[in-house]
Asker: 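Structure provided below as C-alpha coordinates; questions to follow.
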Amino acid sequence: MAASAAAHKAASSWASRLHPDLIPQIGWRVLAGGDLLDYVRFRAVCALWRSTTISPRGRGLVDPRFHPRSWLLLPEGHDICPGHSSLLGYVRFFNLSTGFFVRASLPIFQNHYILDIVDGLILLLEEQDSTVRLLNPFTGDTADLPPLAAPTNLSLGSRYLMCFREISATTVTVSPDGLITVMILLPSEHHVAFATSGGSDREWSYSTWILSSIQSSVSFQSRIYILSTEYNNDPQIFEIDPPWPEEVGSAGTQTDGMPGSCKICIEAIKDNSIIHNCTICDKYMLL
(Lines give C-alpha, C1' and ligand atoms only; values in the text may rest on other atoms or scores of the structure.)
Protein backbone atom coordinates (compact mmCIF):
# COMPACT_ATOMS: atom_id res chain seq x y z
CA MET A 1 0.00 0.00 0.00
CA ALA A 2 2.77 2.41 0.92
CA ALA A 3 4.66 1.68 -2.32
CA SER A 4 1.51 2.15 -4.40
CA ALA A 5 0.72 5.45 -2.70
CA ALA A 6 4.28 6.66 -3.26
CA ALA A 7 4.14 5.75 -6.95
CA HIS A 8 0.82 7.57 -7.36
CA LYS A 9 2.21 10.65 -5.63
CA ALA A 10 5.26 10.63 -7.89
CA ALA A 11 3.11 10.34 -11.01
CA SER A 12 0.85 13.17 -9.85
CA SER A 13 3.90 15.34 -9.11
CA TRP A 14 5.20 14.79 -12.65
CA ALA A 15 1.79 15.31 -14.25
CA SER A 16 1.18 18.58 -12.42
CA ARG A 17 4.21 20.14 -14.12
CA LEU A 18 2.52 20.16 -17.54
CA HIS A 19 1.25 23.52 -18.72
CA PRO A 20 -2.56 23.72 -18.21
CA ASP A 21 -3.10 24.85 -21.82
CA LEU A 22 -1.38 21.72 -23.10
CA ILE A 23 -3.41 19.19 -21.13
CA PRO A 24 -6.76 19.57 -23.02
CA GLN A 25 -4.98 19.20 -26.36
CA ILE A 26 -3.37 15.95 -25.19
CA GLY A 27 -6.74 14.80 -23.86
CA TRP A 28 -8.47 15.28 -27.21
CA ARG A 29 -5.68 13.36 -28.93
CA VAL A 30 -6.11 10.51 -26.45
CA LEU A 31 -9.84 10.48 -27.16
CA ALA A 32 -9.34 10.57 -30.94
CA GLY A 33 -6.71 7.84 -30.95
CA GLY A 34 -8.28 5.58 -28.36
CA ASP A 35 -11.77 5.52 -26.94
CA LEU A 36 -13.87 7.03 -24.19
CA LEU A 37 -12.39 4.94 -21.37
CA ASP A 38 -8.85 5.94 -22.37
CA TYR A 39 -9.94 9.55 -21.99
CA VAL A 40 -11.52 8.81 -18.60
CA ARG A 41 -8.26 7.21 -17.41
CA PHE A 42 -6.34 10.22 -18.72
CA ARG A 43 -8.48 12.59 -16.60
CA ALA A 44 -7.95 10.38 -13.55
CA VAL A 45 -4.16 10.91 -13.48
CA CYS A 46 -4.33 13.93 -11.19
CA ALA A 47 -6.56 16.81 -10.08
CA LEU A 48 -4.98 19.24 -12.57
CA TRP A 49 -5.66 17.00 -15.56
CA ARG A 50 -9.22 16.48 -14.40
CA SER A 51 -9.94 20.17 -13.84
CA THR A 52 -8.51 21.31 -17.19
CA THR A 53 -10.35 18.78 -19.38
CA ILE A 54 -14.04 18.48 -20.22
CA SER A 55 -15.98 15.86 -18.30
CA PRO A 56 -17.85 13.35 -20.50
CA ARG A 57 -20.68 13.18 -17.96
CA GLY A 58 -23.52 15.36 -19.14
CA ARG A 59 -22.11 15.44 -22.69
CA GLY A 60 -22.15 11.72 -23.45
CA LEU A 61 -24.96 12.11 -25.99
CA VAL A 62 -24.73 15.67 -27.33
CA ASP A 63 -20.98 15.47 -28.05
CA PRO A 64 -20.27 12.69 -30.60
CA ARG A 65 -16.66 12.54 -29.45
CA PHE A 66 -17.90 10.82 -26.29
CA HIS A 67 -19.93 8.13 -28.06
CA PRO A 68 -18.41 4.73 -27.10
CA ARG A 69 -18.18 3.41 -30.66
CA SER A 70 -15.57 0.76 -29.87
CA TRP A 71 -17.69 -0.96 -27.22
CA LEU A 72 -20.18 -3.73 -27.89
CA LEU A 73 -22.81 -4.90 -25.42
CA LEU A 74 -21.95 -8.55 -24.84
CA PRO A 75 -24.86 -11.02 -25.01
CA GLU A 76 -24.81 -13.51 -22.16
CA GLY A 77 -26.48 -16.33 -24.08
CA HIS A 78 -28.90 -18.96 -22.78
CA ASP A 79 -31.80 -16.50 -23.21
CA ILE A 80 -30.31 -14.23 -20.51
CA CYS A 81 -30.86 -10.61 -21.56
CA PRO A 82 -29.78 -7.40 -19.80
CA GLY A 83 -32.04 -6.93 -16.81
CA HIS A 84 -32.26 -10.64 -16.02
CA SER A 85 -32.31 -11.25 -12.28
CA SER A 86 -29.25 -13.53 -12.47
CA LEU A 87 -27.12 -10.61 -13.68
CA LEU A 88 -27.83 -8.54 -10.53
CA GLY A 89 -28.13 -5.34 -12.56
CA TYR A 90 -24.78 -5.74 -14.33
CA VAL A 91 -23.97 -6.01 -18.03
CA ARG A 92 -20.71 -6.68 -19.82
CA PHE A 93 -19.14 -4.77 -22.69
CA PHE A 94 -16.47 -5.89 -25.14
CA ASN A 95 -13.99 -3.53 -26.81
CA LEU A 96 -13.73 -4.34 -30.50
CA SER A 97 -10.28 -2.75 -30.80
CA THR A 98 -8.49 -3.99 -27.68
CA GLY A 99 -10.44 -7.11 -26.70
CA PHE A 100 -10.95 -5.78 -23.17
CA PHE A 101 -14.06 -6.56 -21.13
CA VAL A 102 -15.72 -4.23 -18.64
CA ARG A 103 -18.62 -4.88 -16.29
CA ALA A 104 -21.03 -2.05 -15.53
CA SER A 105 -24.01 -1.65 -13.26
CA LEU A 106 -27.01 -0.43 -15.28
CA PRO A 107 -30.25 -0.77 -13.28
CA ILE A 108 -32.17 0.89 -16.15
CA PHE A 109 -32.41 -2.52 -17.84
CA GLN A 110 -34.77 -3.72 -15.14
CA ASN A 111 -37.70 -2.01 -16.86
CA HIS A 112 -36.36 -1.23 -20.34
CA TYR A 113 -36.12 -3.30 -23.48
CA ILE A 114 -33.25 -2.86 -25.97
CA LEU A 115 -34.43 -1.77 -29.41
CA ASP A 116 -31.06 -1.21 -31.07
CA ILE A 117 -27.45 -0.13 -30.49
CA VAL A 118 -25.63 2.43 -32.64
CA ASP A 119 -22.19 4.00 -32.07
CA GLY A 120 -22.17 2.39 -28.62
CA LEU A 121 -25.39 4.22 -27.67
CA ILE A 122 -28.35 2.07 -26.62
CA LEU A 123 -31.88 2.76 -27.81
CA LEU A 124 -34.31 1.61 -25.12
CA LEU A 125 -38.05 1.14 -24.79
CA GLU A 126 -39.64 1.75 -21.39
CA GLU A 127 -42.02 -1.15 -20.85
CA GLN A 128 -44.76 0.68 -18.94
CA ASP A 129 -45.41 3.86 -20.92
CA SER A 130 -43.62 3.02 -24.22
CA THR A 131 -41.23 5.98 -23.87
CA VAL A 132 -38.10 5.61 -26.00
CA ARG A 133 -34.79 6.58 -24.41
CA LEU A 134 -31.26 6.91 -25.72
CA LEU A 135 -28.52 5.89 -23.26
CA ASN A 136 -24.77 6.31 -23.15
CA PRO A 137 -23.91 3.34 -20.90
CA PHE A 138 -20.53 4.73 -19.83
CA THR A 139 -21.58 8.25 -18.83
CA GLY A 140 -25.15 7.45 -17.76
CA ASP A 141 -26.56 10.27 -19.91
CA THR A 142 -30.05 9.68 -21.27
CA ALA A 143 -32.35 11.51 -23.67
CA ASP A 144 -36.10 10.99 -23.76
CA LEU A 145 -37.79 10.59 -27.12
CA PRO A 146 -41.55 10.56 -27.78
CA PRO A 147 -43.50 7.49 -26.67
CA LEU A 148 -44.38 4.98 -29.33
CA ALA A 149 -47.85 5.28 -30.74
CA ALA A 150 -49.57 3.85 -33.79
CA PRO A 151 -48.92 6.30 -36.68
CA THR A 152 -51.96 7.78 -38.37
CA ASN A 153 -50.48 7.56 -41.87
CA LEU A 154 -49.60 3.86 -41.71
CA SER A 155 -52.00 0.96 -41.34
CA LEU A 156 -50.09 -0.75 -38.56
CA GLY A 157 -52.84 -1.07 -35.97
CA SER A 158 -51.70 -3.01 -32.92
CA ARG A 159 -48.57 -4.20 -34.77
CA TYR A 160 -46.65 -0.97 -34.32
CA LEU A 161 -44.84 -2.08 -31.15
CA MET A 162 -43.72 -5.28 -32.85
CA CYS A 163 -42.42 -3.23 -35.79
CA PHE A 164 -40.22 -1.20 -33.45
CA ARG A 165 -38.79 -4.42 -32.04
CA GLU A 166 -37.64 -5.36 -35.54
CA ILE A 167 -35.45 -2.30 -36.20
CA SER A 168 -32.70 -3.10 -38.70
CA ALA A 169 -30.72 0.17 -38.67
CA THR A 170 -30.52 3.28 -36.49
CA THR A 171 -28.75 6.62 -36.74
CA VAL A 172 -28.18 9.33 -34.14
CA THR A 173 -27.40 12.92 -35.12
CA VAL A 174 -26.92 16.01 -32.97
CA SER A 175 -27.75 19.54 -34.14
CA PRO A 176 -25.52 22.50 -33.26
CA ASP A 177 -27.97 23.52 -30.51
CA GLY A 178 -27.88 20.05 -28.92
CA LEU A 179 -31.11 18.52 -30.24
CA ILE A 180 -30.78 14.77 -30.75
CA THR A 181 -32.52 13.17 -33.73
CA VAL A 182 -32.91 9.40 -33.94
CA MET A 183 -33.84 7.76 -37.25
CA ILE A 184 -34.74 4.07 -37.47
CA LEU A 185 -35.55 1.72 -40.33
CA LEU A 186 -38.65 -0.49 -39.99
CA PRO A 187 -38.01 -3.15 -42.63
CA SER A 188 -41.27 -5.02 -42.15
CA GLU A 189 -43.18 -1.84 -43.09
CA HIS A 190 -40.62 -0.45 -45.59
CA HIS A 191 -40.52 2.96 -43.86
CA VAL A 192 -38.19 4.99 -41.67
CA ALA A 193 -39.32 6.70 -38.47
CA PHE A 194 -37.60 9.58 -36.71
CA ALA A 195 -38.02 11.77 -33.65
CA THR A 196 -36.17 14.54 -31.86
CA SER A 197 -35.48 14.90 -28.16
CA GLY A 198 -36.41 18.12 -26.41
CA GLY A 199 -38.47 19.47 -29.30
CA SER A 200 -42.00 20.84 -29.18
CA ASP A 201 -43.29 17.96 -31.31
CA ARG A 202 -43.74 14.83 -29.21
CA GLU A 203 -44.51 12.40 -32.00
CA TRP A 204 -42.58 10.00 -34.16
CA SER A 205 -42.67 10.98 -37.81
CA TYR A 206 -42.86 8.38 -40.55
CA SER A 207 -41.80 8.52 -44.18
CA THR A 208 -44.54 8.55 -46.79
CA TRP A 209 -42.43 6.68 -49.34
CA ILE A 210 -42.21 2.89 -49.47
CA LEU A 211 -39.02 1.01 -50.30
CA SER A 212 -39.70 -2.70 -50.61
CA SER A 213 -37.43 -5.61 -51.58
CA ILE A 214 -34.99 -4.73 -48.78
CA GLN A 215 -32.26 -7.35 -48.62
CA SER A 216 -30.09 -5.79 -45.93
CA SER A 217 -29.37 -2.46 -44.27
CA VAL A 218 -26.67 -0.82 -42.16
CA SER A 219 -26.09 2.49 -40.42
CA PHE A 220 -22.84 4.17 -41.41
CA GLN A 221 -21.55 7.68 -40.71
CA SER A 222 -24.96 8.93 -39.51
CA ARG A 223 -26.78 7.60 -42.57
CA ILE A 224 -28.80 4.50 -43.31
CA TYR A 225 -27.82 2.44 -46.34
CA ILE A 226 -30.32 0.00 -47.80
CA LEU A 227 -29.47 -2.78 -50.21
CA SER A 228 -32.59 -3.27 -52.33
CA THR A 229 -33.75 -4.76 -55.60
CA GLU A 230 -36.57 -2.25 -55.88
CA TYR A 231 -35.98 -1.44 -59.55
CA ASN A 232 -35.30 -3.91 -62.38
CA ASN A 233 -34.36 -6.56 -59.79
CA ASP A 234 -30.79 -5.23 -59.86
CA PRO A 235 -29.06 -4.67 -56.50
CA GLN A 236 -28.93 -1.01 -55.60
CA ILE A 237 -27.83 0.83 -52.48
CA PHE A 238 -29.97 3.72 -51.27
CA GLU A 239 -28.58 6.34 -48.91
CA ILE A 240 -30.99 7.92 -46.41
CA ASP A 241 -29.83 11.18 -44.87
CA PRO A 242 -31.14 11.99 -41.39
CA PRO A 243 -33.69 14.81 -41.24
CA TRP A 244 -32.95 18.07 -39.51
CA PRO A 245 -35.17 18.76 -36.47
CA GLU A 246 -37.23 21.34 -38.40
CA GLU A 247 -38.07 18.70 -41.00
CA VAL A 248 -39.94 16.53 -38.51
CA GLY A 249 -43.60 17.03 -39.37
CA SER A 250 -45.99 18.16 -36.66
CA ALA A 251 -48.60 15.73 -37.96
CA GLY A 252 -46.32 12.75 -37.64
CA THR A 253 -45.56 12.50 -41.34
CA GLN A 254 -42.84 13.47 -43.77
CA THR A 255 -43.71 14.80 -47.20
CA ASP A 256 -40.39 14.12 -48.92
CA GLY A 257 -40.29 11.52 -51.68
CA MET A 258 -37.81 8.70 -52.15
CA PRO A 259 -34.95 8.80 -49.62
CA GLY A 260 -31.51 9.89 -50.69
CA SER A 261 -30.33 8.74 -54.07
CA CYS A 262 -29.05 5.56 -55.66
CA LYS A 263 -25.33 5.52 -54.92
CA ILE A 264 -24.38 2.17 -56.44
CA CYS A 265 -26.05 0.20 -59.25
CA ILE A 266 -24.59 -3.27 -59.73
CA GLU A 267 -25.77 -4.15 -63.19
CA ALA A 268 -23.22 -6.88 -63.86
CA ILE A 269 -24.73 -9.29 -61.32
CA LYS A 270 -27.82 -10.85 -62.83
CA ASP A 271 -27.85 -14.21 -61.06
CA ASN A 272 -30.88 -14.21 -58.76
CA SER A 273 -29.44 -17.14 -56.82
CA ILE A 274 -26.77 -14.85 -55.34
CA ILE A 275 -27.66 -13.52 -51.90
CA HIS A 276 -26.40 -9.97 -51.50
CA ASN A 277 -25.57 -8.40 -48.17
CA CYS A 278 -23.87 -5.26 -46.88
CA THR A 279 -21.93 -4.87 -43.67
CA ILE A 280 -19.50 -2.54 -41.91
CA CYS A 281 -15.82 -3.33 -41.39
CA ASP A 282 -13.85 -0.68 -39.52
CA LYS A 283 -14.30 2.51 -41.59
CA TYR A 284 -15.63 0.82 -44.70
CA MET A 285 -18.99 -0.45 -45.89
CA LEU A 286 -18.67 -3.78 -47.69
CA LEU A 287 -21.03 -5.40 -50.17
Side-chain angles (χ1 to χ4, degrees), residues 18 20-73 91 93-98 100 102 104-106 108-109 112 114-124 131-146 169-184 194-201 218-224 240-248 280 282-283:
L18 284 179
D21 292 341
L22 185 62
I23 297 171
Q25 302 302 320
I26 298 176
W28 292 130
R29 289 180 178 270
V30 170
L31 184 61
D35 62 29
L36 177 59
L37 292 193
D38 290 333
Y39 180 77
V40 171
R41 296 186 184 102
F42 174 84
R43 298 185 71 243
V45 169
C46 67
L48 176 63
W49 289 21
R50 186 176 184 87
S51 63
T52 53
T53 52
I54 297 176
S55 172
R57 194 174 300 275
R59 301 182 59 83
L61 295 176
V62 298
D63 192 336
R65 292 174 296 186
F66 295 132
H67 293 178
R69 294 175 178 82
S70 299
W71 292 91
L72 177 69
L73 180 64
V91 293
F93 293 88
F94 174 72
N95 191 298
L96 299 173
S97 300
T98 64
F100 289 164
V102 296
S105 175
L106 292 173
I108 193 172
F109 285 117
H112 285 74
I114 296 179
L115 295 175
D116 202 5
I117 300 176
V118 57
D119 293 337
L121 307 177
I122 304 176
L123 190 66
L124 299 166
T131 296
V132 179
R133 291 186 172 89
L134 189 66
L135 167 71
N136 185 321
F138 291 98
T139 65
D141 296 321
T142 61
D144 286 358
L145 296 161
T170 301
T171 66
V172 175
T173 53
V174 183
S175 67
D177 55 354
L179 289 179
I180 300 170
T181 299
V182 174
M183 180 173 64
I184 58 178
F194 45 88
T196 300
S197 68
S200 57
D201 179 46
V218 294
S219 59
F220 184 61
Q221 296 181 349
S222 300
R223 296 175 176 86
I224 291 179
I240 305 177
D241 293 319
W244 290 101
E246 59 269 17
E247 295 178 0
V248 178
I280 302 301
D282 196 15
K283 298 179 180 180

Asker: Is the closest side-chain heavy-atom distance between Ile26 and Phe42 below 4.5 Å?
Answerer: yes

Asker: Take Val102 and Phe138, measure what side chain to side chain contact (heavy atoms under 4.5 Å, CB included) needs, and give me the verdict at the end.
Answerer: CA-CA 10 Å; Val102 296; Phe138 291 98; 3.8 Å; yes

Asker: Just to verify, which of Leu37, Leu106, Leu72 counts as forming a side chain to side chain contact (heavy atoms under 4.5 Å, CB included) with Phe93?
Answerer: Leu106

Asker: Is it the case that the side chain of Asn136 and the backbone of Phe66 share a donor-acceptor pair, with hydrogens and angles ignored and the cut-off at 3.5 Å?
Answerer: yes

Asker: When you look at CZ of Arg65, are more than 12 heavy atoms from neighbouring residues, nucleotides or ligands closer to it than 6.0 Å?
Answerer: yes

Asker: Closer than 3.5 angstrom, by distance alone: can the side chain of Arg57 be matched with the main-chain N or O of Thr139 as a donor-acceptor pair?
Answerer: yes

Asker: With sequence neighbours excluded, tell me which residues meet ring-ring contact (aromatic ring centres under 6.0 Å, His included) with Phe94.
Answerer: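 In terms of ring-ring contact (aromatic ring centres under 6.0 Å, His included), with neighbours along the sequence ignored, Phe94 is linked to Phe101.
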
Asker: Side chains of Val182 and Thr170, heavy atoms from C-beta outward: is any pair under 4.5 Å?
Answerer: yes

Asker: Heavy-atom distance under 4.5 Å between the side chains of Pro64 and Arg69, does that happen here?
Answerer: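 Side chain of Pro64 against side chain of Arg69, heavy atoms only: contact under 4.5 Å found.
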
Asker: Scan residues 29-43 for pairs that pass side-chain hydrogen bond (donor to acceptor under 3.5 Å, both in side chains), counting only residues two or more places apart or in two chains.
Answerer: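 Every side-chain hydrogen bond (donor to acceptor under 3.5 Å, both in side chains) pair that includes a residue of residues 29-43, provided the two are not neighbours, is Asp35-Trp71, Asp35-Asn95, Asp38-Arg41, Arg43-Thr53.
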
Asker: In chain order, what residues pass the salt bridge (charged side-chain N to carboxylate O under 4.0 Å, His left out) check against Asp144, with sequence neighbours excluded?
Answerer: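 Scan of Asp144 (salt bridge (charged side-chain N to carboxylate O under 4.0 Å, His left out), adjacent residues dropped) gives Arg133.
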
Asker: Can you check whether Pro68 reaches Leu121 side chain to side chain, under 4.5 Å on heavy atoms?
Answerer: yes

Asker: So which of Leu123, Thr181, Leu124 actually passes side chain to side chain contact (heavy atoms under 4.5 Å, CB included) with Leu145?
Answerer: Leu123

